[in-house]
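See below for the structure under consideration.
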Amino acid sequence: MRFSTFASVALLGLGAAALQQGLPSAGELRQKLQAEKSRHSLKAKRAETDLGLLYPPHNLSVPIDFFHNETRYEPHTNDTFNLRYWFDATYYKPGGPVFVLLGGETYGDERLPFLQKGIVHQVIEATGGLGVILEHRYYGESFPYPTTSLENLRFLSTEQALAEVDYFARNVKFDGIDADLTAPNTPWVVYGGSYAGAQAAFLRVVYPDTFWGAISSSGVTVAIYDYWEYFEPIRIYGPPDCISATQTFISVLDGILLSNNTASIKQLKDAFRFGGVSNNQDFANIFTDIYGWQSTNWDPEENSPSFYNYCTNITGPLNYPNLESERSTAASLVAASGHGNNTATVDTLLNAIGWYGVKLSAQKKSGKSQDEFFTTLNATYWKDTSITAANAYRSWSYQVCTEWGYIQTGSTPPNIQPLISRTLDLEYLTEFCRLGYERDEPPAIENINKYGGFNISYPRLAHIGGNADPWRPATPLWYPDAREDTIEEPWHLISHGVHHWEENGIFPNETTPTLPPYPVIYAQQYLKNFVIEWLKEWKTSGYQSEL
């Protein structure tokens with residue numbers, strides 16, 4: 001959920017959300033709020049093709065508070081709220097499983113493509129099952145309260161969300177289905193990607209009598225506070241020329257910013273046309289388009305071109321002939337940063353100046369000063385308790401600050417050149433926790449890691465992910481040789497894959513010799529195969545269901 005490149009699809013909230021990348025500025029938060037407000041009107045305009053018409057939403061009343069003995073949730077409540085879900089019974093046959101995809105930290109209806117042509121569709125077609133998309137509390141339209149004040153947010157925790165899914169599986173009734181499909185009377189298999197992938201893994205461990213199987217796709221089962229490792233898969237698997245160029249101009253920036261030479265820092269900011277950004281860390285936070293790697297996808301509808309646009313423009317000889325007149329200034333900055341007189345480095349810096357200059361248009365259009373637009377330290381946005389702000393950024397930011405961490409700093413070890421500035425440290429990147437949530441202490445990552453962390457394991461718990469996924473260092477798959485791949489506990493890395501790539505799907509008439517790519521086809525077929533085997537085990541384990 002990084003917003004450094006303002007692609008229209010991302011801003012309009014039409015793409016499936018992913019774990020947050022980096023720290024958005026006040027200007028970016030403002031744009032997210034505007035995009036969130038326009039989301040519903042856009043849905044109305046495209047009503048004829050809205051998947052919500054094909055899969056109408058349903059609601060189940062669920063408790064707000066599942067843990068009345070835990071002091072952290074005081075004052076407790078017996079109230080309930082409506083949890084939204086969707087289902088497809090097209091392929092359902094009596095005795096078939098329920099395959100539920102967890103919506104995670106976004107609108108549940110943004111996951112509906114997976115019900116129509118993605119992994120849910122594929123599994124229920126193969127198994128005669130019923131597919132479900134389940135929205136997460138405090139996202140989409142599943143809010144317990146009309147505002148997200150700190151008092152109202154206290155029930156947004158991982159353990160509450162897990163208990164909620166368990167309650168759903170044991171109590172839901174599907175309209176039009178004359179059968180009891182609740183767990184544990186019916187085999188339930190839960191699937192999630194990213195944060196929801198961690199949830200899926202945790203559910204199998206915490207509620208094994210409810211969920212017959214679980215698939216953790218790019219599942220971040222390890223909460224990490226200072227998550228500098230986010231950039232390691234990008235550094236290792238990203239285009240070498242782009243990675244090298246990024247490291248080069250970031251090194252130039254840091255050589256000047258860390259020197260504390262006021263004159264050189266002013267010259268640097270002026271060269272990039274960001275002289276109005278007074279805070280050096282706000283300035284450094286502008287140069288983070290490397291985050292676009294996470295949004296690359298084999299599926300044309302999901303792929304964002306931002307990363308490769310960025311790479312194309314900053315690599316190679318000078319791509320901006322109009323900046324040739326500024327070569328002497330760039331050379332001076334390169335020398336001041338300690339990089340001597342290197343033409344290639346000067347070209348890279350000039351390319352970065354040209355590329356990042358595009359961000360000025362958004363700032364100028366906003367009518368805000370550079371300080372107002374680019375600062376991340378604006379308490380007004382972080383304190384916004386509206387449902388609009390919650391869906392735009394507040395709910396997940398609360399989870400980051402209270403339990404999950406994942407602060408993506410530039411604090412790489414000395415022997416690794418960073419892909420973002422080293423000035424972007426924990427103190428700066430966690431100020432929003434203090435501003436928006438009055439939280440001075442680090443997140444309670446032990447609330448997450450108690451479920452197993454890197455070592456989480458359970459029969460019929462699968463781990464799947466891309467080897468080039470920037471979230472892989474927070475998954476068990478970061479250590480690919482740690483386990484054997486078995487049907488009992490599947491373990492699979494998608495070659496050249498990024499973030500939960502096997503979740504997507506395309507229609508049969510859209511396939512080509514390269515779409516989907518073979519590694520994705522293999523992963524999806526393998527997933528269907530082991531689910532079928534799990535269901536055979538259900539049938540032979542003394543349960544009454546007939547498959």
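Of all heavy-atom pairs spanning Pro300 and Leu515, the tightest one is CG-CD1, 3.9 Å. Heavy-atom minimum distance, Asp299 versus Gly505: OD2-O, 3.8 Å. Across every non-hydrogen atom of Ser295 and Gln21, the tightest pair is OG-NE2, 4.3 Å. For Pro516 against Thr511, the heavy-atom pair with the smallest separation is CD-CG2, 4.2 Å. Across all their heavy atoms, Ser61 and Tyr167 have their closest contact at O-CE2, 3.6 Å. Pairing each heavy atom of Thr221 with each of Ala201, the nearest pair is CG2-CB, 3.9 Å.
At least one side-chain heavy atom of Ile456 sits under 4.5 Å from a side-chain heavy atom of Pro476. A 4.5 Å side-chain heavy-atom check between Leu115 and Leu101 finds every atom pair outside the cut-off. Residues Thr106 and Arg111 form a side-chain contact, since some pair of their non-hydrogen atoms from C-beta on lies under 4.5 Å apart. Lys173 is listed as a side-chain neighbour of Thr182, based on a closest heavy-atom distance under 4.5 Å. Between Phe231 and Pro418, the closest side-chain pair of non-hydrogen atoms is not below 4.5 Å. Contact check for Leu83 versus Ser142: side-chain heavy atoms found under the 4.5 Å cut-off. In this structure the side chain of Glu502 never reaches within 4.5 angstrom of the side chain of His492, judged on heavy atoms. The side-chain heavy atoms of Arg170 and Pro184, taken from C-beta on, include a pair separated by under 4.5 Å.
Here Thr210 contributes atom OG1 and Leu203 contributes atom CG; the two are 8.5 Å apart, rounded to the nearest 0.5 Å. Atoms CG and OH, from Asn391 and Tyr138 in turn, are 13.0 Å apart once rounded to the nearest 0.5 Å. Atom CG of Asn529 is separated from atom CH2 of Trp534 by 12.0 Å, given to the nearest 0.5 angstrom. Note that OH of Tyr406 is 6.0 Å distant from CD1 of Ile224, once rounded to the nearest 0.5 Å. Between Leu51 atom CG and Leu112 atom CG the span is 5.5 Å, to the nearest 0.5 Å. One distance of note links CD1 of Ile234 with CD of Glu229; it measures 12.5 Å at 0.5 Å rounding.
The backbone N or O of Ser495 sits nowhere less than 3.5 Å from a side-chain atom of Asn467 that would complete a donor-acceptor pair. Distance alone, capped at 3.5 Å, is enough to place a donor-acceptor pair between the Ser216 side chain and the Gly197 backbone. Between the side chain of Gln160 and the backbone N or O of Phe66, at least one donor-acceptor pair lies under 3.5 Å. No donor-acceptor distance shorter than 3.5 angstrom exists from the side chain of Glu302 to the backbone of Asn297, with no hydrogens or angles considered. No side-chain donor-acceptor contact under 3.5 Å links Ser244 to the backbone of Pro240. His499 places no side-chain N or O within donor-acceptor distance of the main-chain N or O of Arg472, the cut-off being under 3.5 Å. With hydrogens and angles disregarded, no donor-acceptor distance shorter than 3.5 Å links the side chain of Arg204 to the backbone of Ala214. Side-chain atoms of Arg137 come within 3.5 Å of backbone N or O of Ile64 as a donor-acceptor pair. Side-chain N or O atoms of Asn285 include one that pairs as donor or acceptor with a backbone N or O of Leu23 at under 3.5 Å. With Trp298 contributing its side chain and Trp501 its backbone, the two residues share a donor-acceptor pair below 3.5 Å.
Taking the salt bridge (charged side-chain N to carboxylate O under 4.0 Å, His left out) definition, one finds that Glu151 meets it with nothing, sequence neighbours left out. In this structure, the salt bridge (charged side-chain N to carboxylate O under 4.0 Å, His left out) partners of Arg72, at least two apart in sequence or on a different chain, are Glu159, Glu403. With sequence neighbours excluded, the residues that form a side chain to side chain donor-acceptor pair (under 3.5 Å) with Tyr139 are Gln399.
Between Tyr91 and His121, the two ring planes are perpendicular [angle over 60°; tilted spans 30° to 60°]. Classification of the Phe174-Tyr85 ring pair by plane angle, with boundaries at 30° and 60°, yields perpendicular. Classified by interplanar angle (parallel below 30°, tilted 30° to 60°, perpendicular above 60°), the ring pair Phe202/Trp404 is parallel. Ring pair Tyr526/Tyr522 is parallel by interplanar angle, where below 30° counts as parallel and above 60° as perpendicular. Ring-plane geometry between Phe432 and Trp382 is classed as tilted, the angle between the planes lying from 30 to 60 degrees on a 0 to 90 degree scale. Ring orientation note: the planes of Tyr230 and Tyr291 are tilted relative to one another, at an angle of 30° to 60°.
A salt bridge does not link Lys117 with Glu125: none of the charged nitrogens is closer than 4.0 Å to a carboxylate oxygen.
Defined by atom type and a distance below 3.5 Å, a donor-acceptor pair is missing between the side-chain atoms of Thr296 and Tyr308. A donor atom on one side chain and an acceptor atom on the other are found under 3.5 Å apart for Ser157 and Tyr73.
Aromatic ring centres of Tyr310 and Trp293: separated by at least 6.0 Å.
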Between Glu537 and Trp212, does a side-chain hydrogen bond (donor to acceptor under 3.5 Å, both in side chains) hold up when you go through it step by step?
CA-CA 10 Å; Glu537 187 177 346; Trp212 183 247; 5.6 Å; no
What do the steps show when you test Val531 against Ile215 for side chain to side chain contact (heavy atoms under 4.5 Å, CB included), and what is the final call?
CA-CA 9 Å; Val531 169; Ile215 303 163; 3.8 Å; yes
Which is it for Ile420 and Ile290 under the side chain to side chain contact (heavy atoms under 4.5 Å, CB included) test, yes or no, and what are the steps along the way?
CA-CA 8 Å; Ile420 64 170; Ile290 196 69; 4.1 Å; yes
Steps toward side chain to side chain contact (heavy atoms under 4.5 Å, CB included) verdict (Ile407, Asp226)
CA-CA 5 Å; Ile407 308 302; Asp226 185 341; 5.9 Å; no
Run the numbers on Leu419 and Arg235 for side chain to side chain contact (heavy atoms under 4.5 Å, CB included), then give the verdict.
CA-CA 8 Å; Leu419 294 174; Arg235 182 180 70 85; 4.1 Å; yes
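Heavy atoms from other residues, nucleotides or ligands lying under 6.0 Å from CD of Glu74 number more than 12. By the neighbour-count criterion of 12 heavy atoms within 6.0 Å, atom NE2 of His58 is densely surrounded, having more than that number from other residues, nucleotides or ligands. Other residues, nucleotides and ligands contribute only 12 or fewer heavy atoms inside 6.0 Å of the CD atom of Glu484. More than 12 heavy-atom neighbours from other residues, nucleotides or ligands sit within 6.0 angstrom of CG on Asn415. Within a 6.0 Å sphere centred on OH of Tyr225, heavy atoms belonging to other residues, nucleotides or ligands number more than 12.
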